[in-house]
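First the structure, in the form of structure tokens, and then the observations on it.
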Amino acid sequence: MANSTALILLISSVLLAAAAYIRREPGHADGSFADAHLHFYMHDAYGGPRPTAALIVTGREPLPLPSDDGATDQETTSSSPRRFGDIAVMNNALTEGPERGSARVGTAQGFTVRVAEHGAVNDLSLHLVLEAGGYGGSSLAVKGRVDTGAAVRESIIVGGTGRFRFATGYALSRSYDYDVASGGVVEIDVSGSHMPSRWMK
């Protein structure tokens, strides 16, 4: 009886230890991975001598906007430079600071589709590919509904590659110096888990 009890206790201890090991997130024991915050600036240029973004599909003209009272004889059209169904692609530089000469840390590659008939709402699919330090070639995948008319836009980190494999979290973007027609600089803050906390060194 005593031998059976000891065996049961031993098996229970092994199972508990195995469960604790399996539940432990990879890398946390040695501090290599943790909740992390990344901050950089994206340079989005539709014009100039070296454009990094391009409108590749032009959507249709927006339908007239009805007036507040719904009267059809007082309708106005949208003043947005973009159209419903526009598709734009980007290959934008990511830098430490907002200045053009700031140290480059990566590239933002992806596309947006204008999904709102009025306003500046896009479906975003973006890869933040890092080039600095030991994380060169690693990337974060960003997906979201982006309303460029909002002061702060939130997107989802849906995964990553390389050192950012299994990353989760969110990205906040703000227009630093931006115009919908010509582009400009966008500030990006990324908060997530399963990411190296010292990503640029």
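We're numbering straight along the sequence, starting at 1.
The nearest pair of heavy atoms linking Ser139 to Phe164 is O-CB, 3.6 Å. Annotation for Gly59 and Asp86: closest pair N-OD1, 2.6 Å, computed over non-hydrogen atoms. Scanning both residues, Leu140 and Ala167, for their nearest heavy atoms gives CD2-CB, 3.7 Å. The minimum heavy-atom distance linking Ala108 with Met42 is given by the pair CB-SD, 3.6 Å. Taking both residues in full, the closest heavy atoms of Gly137 and Thr161 are given as O-OG1, 3.9 Å, listed atom of the first, atom of the second, then distance. Minimum heavy-atom separation, Val115 to Phe84: O-CE1, 3.3 Å.
If you check the side chains of Arg165 and Ser138, you find no donor sitting under 3.5 Å from an acceptor. Remark: the Glu96 side chain and the His39 side chain contain no N/O donor-acceptor pair separated by less than 3.5 Å. With hydrogens and angles left out, the side-chain atoms of His43 and Thr52 include no donor and acceptor closer than 3.5 Å. Side-chain atoms of Glu131 and Thr107 form a donor-acceptor pair, as typed in the model, at a separation below 3.5 Å.
Residues Met90 and Leu130 share a single hydrophobic cluster, defined by chaining ILVMFWY side chains whose heavy atoms lie under 4.5 Å apart. When the side chains of ILVMFWY residues are joined at heavy-atom separations under 4.5 Å, either directly or via intervening members, Ile188 and Val105 end up in a single hydrophobic cluster. Following chains of ILVMFWY side-chain contacts shorter than 4.5 Å, one cannot reach Leu94 starting from Leu172, and the two form parts of different hydrophobic clusters. Hydrophobic cluster membership differs between Val186 and Val129, with clusters built from Ile, Leu, Val, Met, Phe, Trp and Tyr side chains linked at under 4.5 angstrom. A continuous path of Ile, Leu, Val, Met, Phe, Trp and Tyr side chains, each step under 4.5 Å between heavy atoms, connects Val57 with Val89, placing both in one hydrophobic cluster.
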For this session: Evaluate side chain to side chain donor-acceptor pair (under 3.5 Å) for Arg145 paired with Ser155, printing each intermediate quantity in order.
Result: CA-CA 7 Å; Arg145 174 189 181 274; Ser155 302; over 6 Å; no
Problem set entry | Chi angles and distances behind the side chain to side chain contact (heavy atoms under 4.5 Å, CB included) call for Val190, Leu128 | CA-CA 10 Å; Val190 175; Leu128 304 175; 4.1 Å; yes
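Atom-to-atom distance recorded for Arg100:CZ and Thr95:OG1 is 8.5 Å, nearest 0.5 angstrom. The line from CD1 of Ile157 to OH of Tyr170 is 10.5 Å long, rounded to the nearest 0.5 Å. In this structure, the separation between CZ on Arg114 and CG on Leu55 is 9.5 Å, given to the nearest 0.5 Å. Note that the CG atom of Asp177 and the CG atom of Asp44 stand 12.0 Å from one another [nearest 0.5 Å]. Taking OH from Tyr41 and CG from Asp189, the interatomic distance works out to 8.0 Å, rounded to the nearest 0.5 Å. Between the CG atom in Leu126 and the CD atom in Gln109 there is a gap of 9.0 Å [rounded to 0.5 Å].
A donor-acceptor pair is defined here as one N or O able to donate and one able to accept, closer than 3.5 Å; no such pair exists between the side chain of Ser125 and the backbone of Gly110.
Salt bridge annotation for Glu117-Arg60: present, with a cationic side-chain nitrogen under 4.0 angstrom from a carboxylate oxygen.
Between Glu154 and Asp147, the closest side-chain pair of non-hydrogen atoms is not below 4.5 Å. Contact annotation: the side chain of Glu187 never approaches that of Ser175 to less than 4.5 Å [non-hydrogen atoms, C-beta and beyond].
Partner of Val113 under the side chain to side chain contact (heavy atoms under 4.5 Å, CB included) criterion, chosen from Leu124, Ile87, Asn122: Ile87.
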